[in-house]
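To start, the structure under review is shown below, and the notes come after it.
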Amino acid sequence: MNFGIRHKTLDFFSLTPNTLLTPEPRLIETLATARAVTVLTGAGVSAESGIPTFRDALIGLWAKFDPAALATSEAFHRDPELVSRWYDQRRRRTLECQPNDAHLALARWQKRLAECGRQLTLITQNVDRLHQRAGSKAVIELHGTLLVWRCTGCQTERLEEGGPFNEYPPACQGCGRPRRPAVVWFGETLAPEAMAAAEAAIGECDLFVSVGTSAVVQPATGLIELAIRRGAATLEINLDPTPISNRVDFALYGCAGKILPQLV
Ligand code: BV8
Ligand code: ZN
């Protein structure tokens, strides 16, 4: 669906609880008629659940580390205890958090579209599984998840939803080798099946929505470029403008937890 010249509604406003969203009629029309919606989320969609965005993921004692430096297999091999402690602290914090109104609105939207023979595919860069806990189905996790840990030896994976490990890094019960979080580190390639599913969803959507991402990390950001090139209608919902803000058809700025429930 192409609107000829790309209209840009840069509504810079911060939604307070009682501010009603007044998006332009063409956005309402696009939302109401879209047959196949593909949504890509980033850390900003989990911010209102109390999970720091990736840029702020280093709070307290981690403040002295650069996240991209810790989120690498080199860092894990250099200091497996430090890196596994950082990830386990994020895992346990994630388990204490609840899905917020943005997660719940996306799950409701997906359910509502399915009930009338349309579809919403959710692709996430997040590793917290809050979309799934909010009820979203068939979530494509581009960067894996903190909640599954994988043996570096026999590759056995196990869902970890309990308390702290008794040693760092935790050892594999089968072969004794160290286990790591089943996330995609910087410098590691994304799971081919996740990328293929994401590219297919972008290929068939008539509306693409980017929510809560700084649109910097590759190849996830490449998916946004693909949606723009394909001519799907494109909407960005974010706290701040990003490198894609002047290329999308519609842009709404504010908290996803306030904007999404009103849109849906
Ligand atoms: C790869 C798991 C092949 C780990 C993560 C091409 C060009 C340039 C660089 C590269 C390139 N190709 C590869 C690279 C290198 C690298 C990369 O992209 N670097 C970046 C920094 C430039 N990519 C890779 O290494 C990828 N692998 O391509 O393999 C290869 C290999 C080697 C060399 C070349 C190619 C792997 C990338 C995956 C890394 N793993 N996560 C972990 O979590 O610890 S990514 C990690 O960062 C997070 O998962 C998250 O996805 C990402 C951060 O991005 P965002 O989600 O956008 O979060 P961010 O904090 O940045 O932004 C939050 C946004 O929300 C903000 O804009 C804010 O305004 C907004 N917000 C805040 N609150 C709210 C809100 N919005 C709405 N409401 C709110 N309340
Ligand atoms: Zn093992």
Side-chain angles (χ1 to χ4, degrees), residues 12 14-15 40-58 62 65-76 83-84 86-91 93-94 100-103 105-106 123-129 141-158 169-192 194-195 209-225 236-245 251-261:
F12 289 92
S14 58
L15 270 182
L40 172 69
T41 63
V45 88
S46 295
E48 291 157 84
S49 294
I51 295 187
T53 63
F54 195 70
R55 299 283 174 274
D56 325 328
L58 292 132
W62 303 109
F65 295 102
D66 162 15
L70 274 189
T72 64
S73 56
E74 291 77 20
F76 181 74
V83 174
S84 56
W86 181 52
Y87 275 94
D88 195 43
Q89 187 219 37
R90 288 174 58 195
R91 176 184 72 86
R93 180 191 184 109
T94 296
N100 67 57
D101 289 343
H103 297 109
L106 287 169
I123 307 168
T124 189
Q125 301 175 79
N126 299 338
V127 294
D128 57 34
R129 287 215 163 154
E141 293 179 319
L142 290 181
H143 298 154
T145 177
L146 288 169
L147 303 185
V148 172
W149 285 57
R150 182 174 63 236
C151 174
T152 54
C154 64
Q155 304 304 309
T156 306
E157 293 198 339
R158 207 169 74 185
C172 171
Q173 281 168 350
C175 74
R177 301 275 299 145
R179 295 195 296 138
R180 56 165 281 182
V183 298
V184 179
W185 276 326
F186 286 100
E188 294 185 325
T189 48
L190 278 63
M195 268 310 276
V209 187
S210 171
V211 189
T213 180
S214 58
V216 164
V217 171
Q218 295 288 0
T221 301
L223 295 170
I224 305 174
E225 300 291 339
E236 176 180 47
I237 298 170
N238 205 54
L239 204 55
D240 316 303
T242 70
I244 62 159
S245 296
L252 295 172
Y253 293 104
C255 290
K258 295 195 176 52
I259 293 175
L260 273 169

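Atoms within a ligand are numbered from 1 in the order they appear, just like the ligands themselves.
Near Arg90, meaning under 4.0 Å from one of its heavy atoms, ligand 1 places the atoms 42 (C), 43 (O), 44 (O). Near Val217, meaning under 4.0 Å from one of its heavy atoms, ligand 1 places the atoms 18 (O), 37 (C), 47 (O), 52 (C), 53 (C), 54 (O). The ligand atoms of ligand 1 that sit less than 4.0 angstrom from a heavy atom of Pro219 are 28 (O). Against a heavy-atom cut-off of under 4.0 Å, Gly42 is close to the following atoms of ligand 1: 56 (O). Near Ala43, the atoms of ligand 1 lying under 4.0 angstrom from a non-hydrogen atom of the residue are 55 (P), 56 (O), 58 (O). The distance from ligand 1 to the heavy atoms of Thr189 drops below 4.0 Å at these ligand atoms: 3 (C), 29 (O). Close approach of ligand 1 to Glu48 (heavy-atom distance below 4.0 Å) involves ligand atoms 78 (N), 79 (C), 80 (N). Here is the list of ligand 1 atoms found below 4.0 Å of a heavy atom in Glu188: 1 (C), 26 (C), 27 (N), 29 (O), 36 (C).
When all heavy atoms are compared, the tightest approach of Cys175 to Gly153 is SG-CA, 4.4 Å. Nearest heavy atoms, Leu40 versus Ala220: CD2-O, 3.9 Å. A pairwise comparison of heavy atoms in Thr189 and Val184 identifies O-CG1, 3.8 Å as the closest pair. Considering every non-hydrogen atom in both Thr53 and Ala47, the closest pair reads CG2-CB, 4.2 Å. Closest heavy-atom contact between Tyr87 and Pro181: CG-CG, 3.5 Å.
Under a 3.5 Å cut-off, the side chain of Thr242 and the backbone N or O of Ala215 do not form any donor-acceptor pair. Judged by distance alone, the side chain of Ser49 and the main-chain N or O of Ile51 form no donor-acceptor pair under 3.5 Å. The backbone N or O of Gly222 sits less than 3.5 Å from a side-chain atom of Gln218, completing a donor-acceptor pair.
The CD1 atom of Ile123 sits 12.5 Å away from atom CD of Glu141, with the distance rounded to the nearest 0.5 Å.
For the pair Gly257 and ligand 1, no heavy-atom separation below 4.0 Å is found. Look at Gly222 and you'll find every heavy atom at least 4.0 Å from all atoms of ligand 1.
Taking each of Met195, Lys258, His143, Gln125 in turn, the one with a heavy atom nearest to atom 45 (S) of ligand 1 proves to be His143. Between atom 4 (C) of ligand 1 and the options Val127, Val184, Asp240, the minimum heavy-atom separation is to Val184.
Classification of Arg179 and Glu157 as a salt-bridged pair fails, no side-chain N sitting under 4.0 Å from a carboxylate O.
Note on the Zn ion (ligand 2): protein N, O or S atoms under 2.8 Å away count 4, no waters included.
Considering backbone and side-chain N/O atoms, Ala256 comes within less than 3.5 Å of an N/O atom of ligand 1. Considering backbone and side-chain N/O of Gln218, one or more are found under 3.5 Å from N/O of ligand 1. Of the polar atoms of Ala215, none of the N or O atoms is found under 3.5 Å from an N or O of ligand 1, judged by distance alone. Note: no N/O pair closer than 3.5 Å links Asn126 and ligand 1 by distance alone.
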Practice item. Could you check His103 against Ser46 for side-chain hydrogen bond (donor to acceptor under 3.5 Å, both in side chains), going step by step and ending with a plain yes or no? Key: CA-CA 8 Å; His103 297 109; Ser46 295; 3.2 Å; yes

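When heavy-atom distances to ligand 1 are checked against a 4.0 Å cut-off, Ser214 comes that close through both its backbone and its side chain.
Under 3.5 Å, the side chains of Thr41 and Gln125 contain no donor-acceptor pair of N or O atoms.
Within the 4.5 Å cutoff, the side chain of Arg129 has no heavy atoms near those of the Thr94 side chain.
Remark: Arg180 is positioned above the aromatic ring of Trp185, its terminal NZ or CZ atom under 6.0 angstrom from the ring centre and at most 45 degrees off the axis.
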